[in-house]
Student: 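Before I ask anything, let me first share the structure, which is written out below as structure tokens.
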Amino acid sequence: MRNSNKIAAMLLAGGQGSRLKALTRDMAKPVVPFGGKYKIIDFALSNASNSDVKDIGVLIQYKPQLLNEHLGIGAPWDYDRNFGGLRILSPYYTEKGGRWFEGTASAIFENINYLDMVNPEYVLILSGDHIYKMDYRELLDVHKENGADCTIAVMEVDWDEASRFGIMNTNEEGRIVEFEEKPENPKSNLASMGIYIFNWKVLRRQLVEDSMDEKSSNDFGKDIIPKMLDENLNLYVYKFDGYWKDVGTVRSYWKANLDLIDPDNELDIYDEGWKIYTKSLNLPPHRIGRKGDLSDCLVNEACVIDGKASNSVLFSSVVIEEGAEVYNSVLLNNVKIKEGVKIYNCVVASDMEITEDIGNKDDNHVYLVSEEGIEEE
């Protein structure tokens, strides 16, 4: 298999995303709708495509049907190639039985044959559940310049939040001297983004050794990175200063969607030089009725707006009837807001019909509305 730029990406997309509650009841977190027309995984896939990464393996596990359907053969991201392209990698049976991915490192190890076939010089490890734009070529350049065995993308977080992350302590040259997993008293605020680039020969040896360690949890952050530090290998950081969100909770998901409405948002989904690609639906245009009133909204195809919406994200085929009002909300596909109903600060799951008021203008709560009821955060 040809690999002209010597880099292969492995995209971890099997996450359950249980903190998103009803949103991940029928699907893995990476395929949860986001931003009016996208899926969360589209951002990592688009970053890889825009960064000229030719080979990408997508590792799936939890409720993969909708994710498989969305990925297809990778055409929206230009991965439907004769050489390289997108490969869906799922757990499989061997003569020793079924082998589920036990941790992030385990997931890569179980697909070591795929990487051996691609035979890259560098392996890029990505997560399928983050919202950001990053040129991975810049990460690779820093990795090469430092003569690193592994380079970890990090970003500065607020000091009062640093204890929630894996923290990298570095020297003046950016070499990692210590890794702390969710430290109570962090020495640094450089948080790991879960994005790594490894020299493949080094990573391969680490994965094989880790697989034979019965005490290992088979995780990059808990096992592979600390072991490489103990062996005094060259680990460096790549400091990222753009927009990045782990939409792991309903509130963070709601907030990240609404961030897209801000014209000064660093993510800028309108950037022609770095497009976010997705599998598009064949739907008619949206329609604004005579009494329709929209302000600061993202509106996708096939919406029919006869009421009012403000500071909201409307996915495809949303209906807001006359007299209905929607504020600071995210309405997923095929949601209908009935006549006269007012909602505030809501995330409404697909195919819901809302017939009663939810929240009020002075309310600071976020409401997840689904077939399971109304949940408050």
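All values below were derived from every heavy atom in this structure, side-chain atoms included, with hydrogens, water molecules and symmetry-related copies excluded. The model shown is predicted, which means the values in this text are computed figures rather than measured ones.
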Student: So, using side-chain hydrogen bond (donor to acceptor under 3.5 Å, both in side chains) as the criterion, who are the partners of Asp268 when residues are at least two apart?
Tutor: none

Student: Please find the pair of heavy atoms, one from Leu89 and one from Gly57, that lie closest to each other, and give the distance.
Tutor: CD1-CA, 3.9 Å

Student: Tell me, which pairs form a salt bridge (Lys or Arg N to Asp or Glu O under 4.0 Å) where one or both residues lie in residues 283-304, sequence neighbours left out?
Tutor: Arg287-Asp306, Lys291-Glu322

Student: Could you go through Leu260 and Val313, starting from their C-alpha distance and side-chain angles, then the distance that decides it, and tell me whether this counts as side-chain contact (heavy atoms from CB on, under 4.5 Å)?
Tutor: CA-CA 9 Å; Leu260 299 181; Val313 177; 5.6 Å; no

Student: Charged N to carboxylate O below 4.0 Å: is that the case for Glu372 and Lys21?
Tutor: no

Student: In Å and rounded to the nearest 0.5 Å, what is the CD1 to OG distance from Ile7 to Ser51?
Tutor: 8.5 Å

Student: Under 3.5 Å, is there a donor on one side chain and an acceptor on the other for Asp135 and Trp274?
Tutor: no

Student: Within this structure, what is the OG-CG distance for the pair Ser312 and Leu258, rounded to the nearest 0.5 Å?
Tutor: 7.0 Å

Student: For Tyr122 and His143, I'd like to know if the aromatic rings sit close, meaning centre-to-centre distance below 6.0 Å.
Tutor: yes

Student: Give, for atom CD1 of Ile224 and atom CD of Gln206, the distance between the pair rounded to the nearest 0.5 Å.
Tutor: 5.5 Å

Student: Does the side chain of Met193 reach to within under 4.5 Å of the side chain of Met134, using non-hydrogen atoms?
Tutor: yes

Student: Tell me, yes or no, whether the heavy-atom count around Lys222 atom NZ, taken from other residues, nucleotides or ligands under 6.0 Å, exceeds 12.
Tutor: no

Student: Give me the atom names and distance for the closest heavy-atom approach of Tyr114 to Arg87.
Tutor: CE1-CG, 3.7 Å

Student: Any donor-acceptor pair under 3.5 Å linking the side-chain atoms of Asp223 with those of Ser217?
Tutor: yes

Student: Should Tyr132 and Phe43 be marked as a ring-ring contact (aromatic ring centres under 6.0 Å, His included) after you check the CA-CA gap, both sets of side-chain angles, and the distance that decides it?
Tutor: CA-CA 6 Å; Tyr132 68 110; Phe43 290 83; 8.1 Å; no

Student: Step through it carefully: locate the ring centre of Trp77, locate the ring centre of His70, and say whether they are under 6.0 Å apart.
Tutor: yes

Student: How far apart are the closest heavy atoms of Ile41 and Ala13, and which atoms are they?
Tutor: CD1-CB, 3.8 Å

Student: Just to verify, what does Lys201 make a salt bridge (Lys or Arg N to Asp or Glu O under 4.0 Å) with, not counting sequence neighbours?
Tutor: none

Student: In terms of side-chain heavy atoms, does Arg175 have a donor or acceptor partner in Asn234 at a distance below 3.5 Å?
Tutor: yes

Student: Does any part of the side chain of Asp357, heavy atoms only, come nearer than 4.5 Å to the side chain of Ile343, both counted from C-beta?
Tutor: no

Student: May I ask you to test the Val32-Tyr253 pair for a side-chain heavy-atom distance under 4.5 Å?
Tutor: yes

Student: Run the salt bridge (charged side-chain N to carboxylate O under 4.0 Å, His left out) test on Lys133 and Glu266 for me, step by step, so that the C-alpha distance in whole Å, both residues' side-chain angles and the decisive distance to 0.1 Å come before the verdict.
Tutor: CA-CA 9 Å; Lys133 292 199 294 190; Glu266 292 178 272; over 6 Å; no

Student: Could you list the cluster mates of Tyr344? Members are the ILVMFWY residues connected by side-chain heavy atoms closer than 4.5 Å, either directly or through other members.
Tutor: Tyr327

Student: Would you call Ile125 and Leu12 a side-chain contact if the rule is heavy atoms closer than 4.5 Å?
Tutor: yes

Student: Check Asp246 with Lys29, please: is the shortest side-chain N to carboxylate O separation under 4.0 Å?
Tutor: yes

Student: Tell me the closest heavy-atom pair linking Val31 and Lys39, and the distance in Å.
Tutor: O-CD, 3.1 Å

Student: State which residue, out of Val369, Ile320, Leu331, fulfils the side chain to side chain contact (heavy atoms under 4.5 Å, CB included) condition with Ile354.
Tutor: Val369

Student: Looking only at non-hydrogen atoms, find the nearest pair between Pro33 and Met27 and report the distance.
Tutor: CD-SD, 4.1 Å

Student: Between Asn333 and Ser317, is there a side-chain donor-acceptor contact under 3.5 Å, judged purely by atom types and distance?
Tutor: no

Student: Would you mind reporting whether Lys275 and Ser46 have side-chain heavy atoms less than 4.5 Å apart?
Tutor: no

Student: Looking at Val335 and Ser350, what are the two nearest heavy atoms and their distance?
Tutor: CG2-CA, 4.4 Å

Student: Would you check if there is a donor-acceptor pair between the side chains of Tyr367 and Glu375 at a distance under 3.5 Å?
Tutor: no

Student: Above 12 or not: heavy atoms from other molecules or residues under 6.0 Å from CG of Asp241?
Tutor: no

Student: Is the count of non-hydrogen atoms from other residues, nucleotides or ligands lying under 6.0 Å from Glu69 atom CD greater than 12?
Tutor: no

Student: Under the criterion salt bridge (charged side-chain N to carboxylate O under 4.0 Å, His left out), I'd like the reasoning laid out for Asp116 against Arg204: C-alpha separation, chi angles, the key distance, then a yes or no.
Tutor: CA-CA 9 Å; Asp116 283 341; Arg204 193 185 195 286; 2.8 Å; yes

Student: Side chains of Glu121 and Asn199: donor-acceptor distance under 3.5 Å anywhere?
Tutor: no

Student: Check whether any side-chain heavy atom of Cys150 lies under 4.5 Å from a side-chain heavy atom of Ile225, and answer yes or no.
Tutor: yes

Student: Could you go through the side-chain contact (heavy atoms from CB on, under 4.5 Å) check for Ile131 and Tyr243 one step at a time?
Tutor: CA-CA 8 Å; Ile131 305 298; Tyr243 182 98; 4.2 Å; yes

Student: Please determine, by modelled atom types, if Ser49 and Asp78 share a side-chain donor-acceptor pair under 3.5 angstrom.
Tutor: no

Student: Within a 6.0 Å radius of atom CD on Gln65, are there more than 12 heavy atoms belonging to other residues, nucleotides or ligands?
Tutor: no

Student: What pairs meet the ring pair (Phe, Tyr, Trp, His ring centres under 6.0 Å) rule with one or both residues in residues 166-194, with sequence neighbours excluded?
Tutor: none

Student: Going through the checks in order, is the side-chain contact (heavy atoms from CB on, under 4.5 Å) test met by Glu156 and Phe240?
Tutor: CA-CA 8 Å; Glu156 294 184 354; Phe240 178 72; over 6 Å; no

Student: Taking atom types as modelled, is there a side-chain donor on Asn334 or Asp351 under 3.5 Å from an acceptor on the other?
Tutor: yes

Student: Using a strict 4.0 Å threshold on nitrogen-to-oxygen distance, state whether Asp213 and Lys215 make a salt bridge.
Tutor: no

Student: Measure the shortest side-chain to side-chain distance between Glu353 and Val319 over non-hydrogen atoms and say whether it is less than 4.5 angstrom.
Tutor: no

Student: Can you name the salt bridge (Lys or Arg N to Asp or Glu O under 4.0 Å) partners of Lys245, sequence neighbours left out?
Tutor: Asp259

Student: Are the charged groups of Glu356 and Lys338 less than 4.0 angstrom apart, N to O?
Tutor: no

Student: Any heavy-atom pair between the side chains of Leu45 and Ile56 that's under 4.5 Å?
Tutor: yes

